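Shown next, in structure tokens, is the structure this report addresses.
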Amino acid sequence: MATGFGFQVAASDGRARTGVITTPRGKIRTPAFMPVGTAGTVKAMLPESVAATGADILLGNTYHLMLRPGAERIARLGGLHRFMNWTRPILTDSGGFQVMSLSDLRKLTEDGVTFRSHVDGSRHFLSPETSMEIQRNLGSDIVMCFDECPALPATGAVVAKSMALSMRWAQRSREAFGDRPGHALFGIMQGGVNLALREESAAALTAIGFDGYAIGGLAVGEGQEAMFGVLDHAPGFLPADRPRYLMGVGKPDDIVGAVERGIDMMDCVLPSRSGRTGQAWTPRGQVNIKNARHQDDPRPLDENCSCPCCTGYSRAYLHHVLRAREIIASMLLTWHNLHYYQHLMQGLRDAIAAGQLAGFVADFHTKRAAGDIAPV
Ligand SMILES: [Zn+2]
């Protein structure tokens, strides 16, 4: 494992575990949820507010930052931490997934991907080597291997071919990353929903050797049952003494199910993105604050929540500012959602440490099944 970077499991309960990832920029309590700061900001939140919700680490998107404002510019301005005023650890993705999902005119070869920017149409090239260089310029604490995730639906042959390419790219990423004390490189397991391919991918990555291992290519439309089907086995293919990161997950019940199955880290745009469209997450499930039932409701979103949104504002106010398209609607709902997600992670960590995860999970599902409070 890279110097200055470590992972200690403190307790386990079934397949779930809780522990700490140590980095020179601070500790990351696991299981950890990483808010997504796509373009150098978690939208509608000040960095200190993101930290106040309990986030130990956030995720930055290589694809967005390389196109605008550019990784070399960010390097000249002191790196991404300084640029966006976030002092805690940052994980950056490799850009591979978003090249596939956002850019135009992609051309994939053994060497890498040529594509046109969705911002201004300019031509760019991403490969294992350029992705490592961009993530080095950003100053990322946890760097992700450059990989390919095939568009779904894909045949078994396409998934197998893509996985093999990603493993060759993982080797090239490892070589291009080099030895960087205090910075970690994570490999990414692929293989779709095929367990044999997943196991083959895990063996290839483990042979190369990484500081942590991600499970990629899930939460891309396969459904929760299929995802859990993979997660029932895939974490066990990976070394137990390294963090396991499930990319792009998810809804609160996806997170709980993933943690039960041995996942240590996750990220998702959902709490921040849904906050901007009036969707709130509470222990009683999802609340659409746009709904007219809230317009005369003096109660907070969640009376047991200690976030600034719930301690200061009513459902009626949130409904009003959302309808009036006031910026504070995005601010308050994003803050609440990120607070709820971090509160859920703390609950999971405490339950695992106490050996009471099964009871915590049963209570989580019971509360959600009861649904939102009755209208006034
Ligand atoms: Zn709240």
Side-chain angles (χ1 to χ4, degrees), residues 29 31-37 41-59 86 88 249-256 259 266-351 360-361 363-376:
R29 297 162 292 172
F33 178 79
M34 301 183 279
V36 178
T41 166
V42 177
K43 291 187 189 359
M45 296 286 284
L46 288 170
E48 51 267 44
S49 309
V50 175
T53 66
D56 294 333
I57 175 171
L58 57 74
L59 181 144
W86 173 261
R88 297 181 182 189
V249 170
K251 292 183 176 170
D253 56 324
D254 296 329
I255 287 176
V256 169
V259 167
M266 280 156 285
D267 77 281
C268 192
V269 293
L270 192 67
S272 40
R273 180 175 291 166
S274 60
R276 300 195 300 281
T277 60
Q279 302 297 316
W281 300 87
T282 79
R284 290 167 167 270
Q286 203 172 351
V287 176
N288 180 359
I289 206 70
K290 250 187 271 186
N291 195 305
R293 63 166 280 192
H294 303 294
Q295 64 186 352
D296 290 306
D297 196 333
R299 299 170 298 180
L301 256 178
D302 175 7
E303 61 178 10
N304 297 315
C305 179
S306 61
C307 87
C309 175
C310 294
T311 51
Y313 304 90
S314 64
R315 288 179 176 222
Y317 181 76
L318 296 171
H319 174 82
H320 159 66
V321 289
L322 192 87
R323 282 292 176 103
R325 298 177 189 275
E326 291 292 344
I327 291 167
I328 196 173
S330 296
M331 296 163 62
L332 291 173
L333 289 168
T334 301
W335 196 320
H336 166 80
N337 282 345
L338 290 177
H339 179 98
Y340 169 66
Y341 266 63
Q342 294 300 341
H343 185 73
L344 176 62
M345 301 318 293
Q346 185 63 54
L348 287 162
R349 290 192 292 264
D350 290 346
F360 179 90
V361 172
D363 187 51
F364 168 83
H365 290 297
T366 303
K367 279 187 183 140
R368 285 167 61 87
D372 195 17
I373 49 176
V376 286

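This structure is a prediction, so every number in the text was calculated from the model and none was measured. Ligands are counted one by one from 1 in listed order, and the atoms in each one are counted from 1 as well.
- Distances from the Zn ion (ligand 1) under 2.8 Å pick out these protein N/O/S atoms: Cys305 SG, Cys307 SG, Cys310 SG, His336 ND1.
- Residues Arg299 and Asp297 are paired through a salt bridge, judged by an N-O separation under 4.0 Å between the basic side chain and the carboxylate.
- For the pair Asp267 (side chain) and Met34 (backbone), a donor-acceptor distance under 3.5 Å is absent.
- Other residues, nucleotides and ligands contribute only 12 or fewer heavy atoms inside 6.0 Å of the CZ atom of Arg273.
- Counting only distance, with no hydrogens or angles, the side chain of Arg29 and the backbone of Gly54 share a donor-acceptor pair below 3.5 Å.
- Put simply, the side chain of Arg284 gets close to the backbone of Gly371: a donor and an acceptor are under 3.5 Å apart.
- Under the 3.5 Å distance criterion, the side-chain polar atoms of Thr311 are matched with a main-chain donor or acceptor of Cys307.
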